[in-house]
Amino acid sequence: MIRKWSASIVRAGRSVRGSSAPVTYTLIALCCLAFLAGPASGLNPAYGTGDELLAVQRAYFRRWGVIPAELFEGSGRPALTPVTALFVHGSWVHLLGNMLFLYVFGAMTEERMGRVRFTLFYVGCGYLALLGYAVANADSEQSLVGASGAISAVLGAFLYLFPRARVTSLLPFLFFLPVRFPAWVVLPFWAALQWLAAGRAPDGPGVAYLAHLIGFGLGFGYASVRYGRPARPTRVKAAPAPAPEGENQP
């Protein structure tokens, strides 16, 4: 059984520490604020507890998340949900896993792309990743939330732009021994885990692996078309943390 753990980045190497990534940090702040203000965090007593809280959470996810069965009805509001869903997360693990990946990979990618282009890239790829998942599951009534599709696009772009970046990772099946691989090894391995870990627990969220893979492919494809030769090697340090959670919410 594949554990919901993978190499997750906690801080960047020398090339990132001196860079400025305001868009990345703003996206992280918006996602965190939205989560803390919403019912999924469980911090606001106004949303109640127990079954009452669960009902509020389900209504919240249906309002701001993507519901494939409603997305293609032709009305305006569902068409906007692939954008709003990028800033909604279903749990603390879901939020922290996504933000951890965005923090480092986003900073380097934003620095290479520029602020405006990175913003459009992030939102556009995130939208298309969720849209692609909805097309493949057009009859589904389950809500879909989370930034994993957009962040997967960032990982795909990072793979093309910095394929030889040295990523130090702690992998569970190696008893968390530190190993260092280039990005062209680590990130495709991450994408493969998204596929292999696909499935839905009977009492919890499933893994929207298709949205992850679509985003990853879009990011890599865009970077390969838009940019020339990849950057010189750099180093990125890592430590174990939860991988991005599944985006399907009950």
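Because the structure is predicted, anything quoted here is derived from the model rather than measured.
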From CA spacing to verdict: side-chain contact (heavy atoms from CB on, under 4.5 Å), V88, Y60: CA-CA 9 Å; V88 179; Y60 180 79; 3.7 Å; yes
Shared hydrophobic cluster for L30 and V23 (ILVMFWY, side-chain gaps under 4.5 Å): yes
Stepwise side-chain contact (heavy atoms from CB on, under 4.5 Å) test for F61 and L144: CA-CA 8 Å; F61 295 142; L144 184 70; over 6 Å; no
Close side-chain approach of E110 and R117, heavy atoms under 4.5 Å: no
Non-hydrogen side-chain atoms of V145 and H89 separated by less than 4.5 Å: no
Exercise: identify the closest heavy-atom pair between G90 and H94: N-ND1, 3.1 Å
Considering all heavy atoms, the nearest A107-T24 contact: N-OG1, 3.7 Å
Side-chain heavy atoms of S152 within contact of I214, under 4.5 Å: no
Shared hydrophobic cluster for Y103 and L33 (ILVMFWY, side-chain gaps under 4.5 Å): no
Aromatic ring pairing Y160/F220, orientation class (parallel under 30°, perpendicular over 60°, tilted between): perpendicular
Distance (rounded to the nearest 0.5 Å) between N98 CG and C31 SG: 8.0 Å
Exercise: identify the closest heavy-atom pair between S140 and I67: O-CG2, 4.0 Å
Nearest-0.5 Å distance, OG of residue S91 to CG of residue L96: 8.5 Å
Non-hydrogen side-chain atoms of R112 and F158 separated by less than 4.5 Å: no
Any donor-acceptor pair under 3.5 Å from S41 side chain to G38 backbone: yes
Non-hydrogen atoms of A136 and L210 that approach each other most closely: CB-CD2, 3.4 Å
Side-chain touch F35/M99, heavy atoms, less than 4.5 angstrom: no
Residues Y222, M113; criterion side-chain contact (heavy atoms from CB on, under 4.5 Å); working and verdict: CA-CA 11 Å; Y222 172 80; M113 290 185 177; 3.9 Å; yes
Worked verdict on I151 versus F105 for side-chain contact (heavy atoms from CB on, under 4.5 Å): CA-CA 9 Å; I151 295 171; F105 287 121; over 6 Å; no
Cluster check V135, V66: I/L/V/M/F/W/Y, side chain < 4.5 angstrom: yes
Shared hydrophobic cluster, L128 / V83 (ILVMFWY, side-chain heavy atoms < 4.5 Å): yes
Any donor-acceptor N/O pair, T81 side chain to P78 backbone, under 3.5 Å: yes
Polar side-chain atom of T84 near backbone of W64 as donor-acceptor pair, under 3.5 Å: yes
Heavy-atom side-chain proximity of L27 to F87 below 4.5 angstrom: yes
Distance-minimising heavy-atom pair for E141 and R62: O-NH1, 2.9 Å
Heavy-atom closest contact (A129 atom, A211 atom, distance): CB-O, 3.5 Å
Cluster overlap L36 with L102, hydrophobic side-chain contacts below 4.5 Å: yes
Note, Q57 side chain near Y47 side chain (heavy atom, < 4.5 Å): no
4.5 Å side-chain heavy-atom contact, S20 and R115: yes
